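Here the structure is a predicted model, which means the values were calculated and not measured.
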Amino acid sequence: QNGCTASNAVTVNQDQNSPIAVAGPDLTLTCATTNVALDGSGSSTGGNFSILWSTTNGGFISGANTLSPTVNTPGTYQLLITNTQNGCTATSIVTVTSDANLPDISFSQEYGLPCGGGNITLPAPAGPGFTYIWTGPAGFTSNFQNPVVSNAGDYTVIVTNAANGCTNSATVHVYPGPAIPQQNFAVTDLPCSTGSFGAIDMTV
């Protein structure tokens with residue numbers, strides 16, 4: 001109507017800064033370590049960030065909304081960090097493996113003591129970091145891998161793998177040795193007149 005004009009401006013800012021997600025180093029479960037704590041401490045923290053751990057292995061995550069939850073199942077675990085102000089997200093994964101292999105120990109045969117008694121050496125499998133506890137008759141104990149025994153009976157060995165804390169046991173039977181045959185000899189005098197040997201009587 002009068003040709004006059006007016007103008008104004010508005011500034012639209014862009015906030016697409018993604019958070020940081022660090023799921024930490026890979027971990028291993030063992031017979032001695034049945035639970036491990038995940039470590040997401042290198043991730044973005046504060047009131048504007050939410051935390052969520054998840055896994056597809058069906059394992060339970062104790063403290064899934066914390067940076068250091070506890071898990072007891074091997075698998076791949078994902079950390080999701082969300083910036084609640086702009087909706088941007090970041091993810092990171094960590095792998096939890098399992099080393100629960102038992103020492104391989106078994107006896108393929110039974111053993112017998114030597115004739116008339118004596119000693120034998122019992123075998124046990126060797127392994128790096130293996131420790132041994134043998135028990136047997138007459139209060140026998142030993143921490144050697146291959147102990148020397150002299151009594152018949154059942155001997156049990158417990159083998160521990162120091163690397164993962166796993167143990168296994170087996171029992172072997174030792175039979176008594178056969179008795180030494182008793183030999184009795186009766187020798188007659190040598191006749192002077194004939195110059196020949198007399199009869200020899202051997203009774204076993």
Side-chain angles (χ1 to χ4, degrees), residues 7-108 123-135 141-147 155-172:
S7 65
N8 200 355
V10 61
T11 300
V12 178
N13 295 316
Q14 187 177 37
D15 180 8
Q16 293 183 345
N17 293 325
S18 297
I20 298 173
V22 179
D26 291 343
L27 301 168
T28 302
L29 297 167
T30 67
C31 293
T33 304
T34 57
N35 299 278
V36 292
L38 306 181
D39 183 11
S41 59
S43 305
S44 299
T45 58
N48 298 330
F49 301 97
S50 65
I51 304 165
L52 179 63
W53 290 88
S54 62
T55 183
T56 58
N57 65 359
F60 176 71
I61 303 175
S62 177
N65 298 114
T66 67
L67 288 175
S68 298
T70 301
V71 300
N72 60 7
T73 307
T76 300
Y77 293 82
Q78 177 180 274
L79 170 61
L80 171 66
I81 302 292
T82 302
N83 186 333
T84 57
Q85 286 189 328
N86 62 14
C88 295
T89 63
T91 61
S92 180
I93 62 172
V94 59
T95 301
V96 176
T97 58
S98 176
D99 178 10
N101 294 323
L102 302 179
D104 184 11
I105 175 171
S106 62
F107 294 100
S108 59
F130 281 14
T131 60
Y132 307 86
I133 300 176
W134 285 89
T135 56
T141 61
S142 175
N143 297 117
F144 290 106
Q145 176 189 346
N146 304 119
Y155 290 83
T156 299
V157 60
I158 300 174
V159 181
T160 301
N161 184 347
N164 61 11
C166 296
T167 62
N168 202 359
S169 65
T171 299
V172 60

Scanning both residues in full, the closest heavy-atom pair of Leu67 with Trp53 reads O-CZ2, 3.7 Å

At their closest point, which heavy atom of Asn161 faces which heavy atom of Pro128, and how far apart are they? OD1-O, 4.0 Å

For the CG atom on Leu102, are there more than 12 heavy atoms of other groups (residues, nucleotides or ligands in this structure) within a distance under 6.0 Å? yes

I'd like to know if the side chain of Thr89 and the backbone of Thr82 have a donor-acceptor N/O pair within less than 3.5 Å. no

Using the side-chain contact (heavy atoms from CB on, under 4.5 Å) rule, take Thr33 and Thr28 through it: C-alpha gap first, then chi angles, then the decisive distance, then the call. CA-CA 8 Å; Thr33 304; Thr28 302; over 6 Å; no

Just by modelled atom types, is the Ser50 backbone N or O under 3.5 Å from a matching donor or acceptor in the Asn65 side chain? no

For Val22, is there any backbone N or O sitting under 3.5 Å from a side-chain donor or acceptor partner on Ser43? yes

Whether Asn164 side chain and Asn101 backbone form a donor-acceptor pair below 3.5 Å: yes

Given 3.5 Å as the limit, does a donor-acceptor pair link the side chain of Ser44 with the main chain of Ile20, or not? yes

For Thr167 and Thr160: C-alpha separation, side-chain torsions, deciding distance, then whether side chain to side chain donor-acceptor pair (under 3.5 Å) applies. CA-CA 4 Å; Thr167 62; Thr160 301; 5.2 Å; no

Thr11 and Asn13: side-chain contact (heavy atoms from CB on, under 4.5 Å), yes or no, with the steps? CA-CA 6 Å; Thr11 300; Asn13 295 316; 3.6 Å; yes

For Thr97, does its backbone N or O pair with a side-chain atom of Asp26 as donor and acceptor, under 3.5 Å? no

Within this structure, what is the CD-CG distance for the pair Gln78 and Leu38, rounded to the nearest 0.5 Å? 12.5 Å

Side-chain heavy atoms of Ser54 within contact of Leu80, under 4.5 Å: no

For Pro19 versus Ile81, what's the shortest heavy-atom pair and its separation? CG-O, 3.4 Å

Rounded at 0.5 Å granularity, tell me how far OG1 in Thr156 sits from CH2 in Trp134. 8.5 Å

Taking the side chain as everything from C-beta on, heavy atoms only, tell me whether Thr73 gets closer than 4.5 Å to Val96. no

Taking all non-hydrogen atoms of both residues, which atom of Thr66 and which atom of Ile51 are closest, and how far apart? O-CG2, 3.6 Å

Ignoring hydrogens, what is the shortest heavy-atom contact between Asn143 and Tyr132? Give both atom names and the distance. ND2-O, 3.1 Å

Would you mind reporting whether Thr70 and Asn72 have side-chain heavy atoms less than 4.5 Å apart? no

Closest heavy-atom pair and its distance - Ala21, Leu79: CB-O, 4.2 Å

Short question: side chain of Ser92, backbone of Ala23 - any donor-acceptor pair under 3.5 Å? yes

Between Gln145 and Ala124, is there a donor-acceptor pair closer than 3.5 Å when you use the side chain of the first and the backbone of the second? yes

Would you check if the side chain of Asn168 reaches a backbone N or O of Pro103 as a donor-acceptor pair within less than 3.5 Å? yes

Do Asn17 and Asn83 touch side chain to side chain, with heavy atoms closer than 4.5 Å? no

Any side-chain heavy atom of Thr76 sitting closer than 4.5 Å to one from Thr56? no

How far does CG of Asn35 sit from CG of Leu27, to the nearest 0.5 angstrom? 12.0 Å

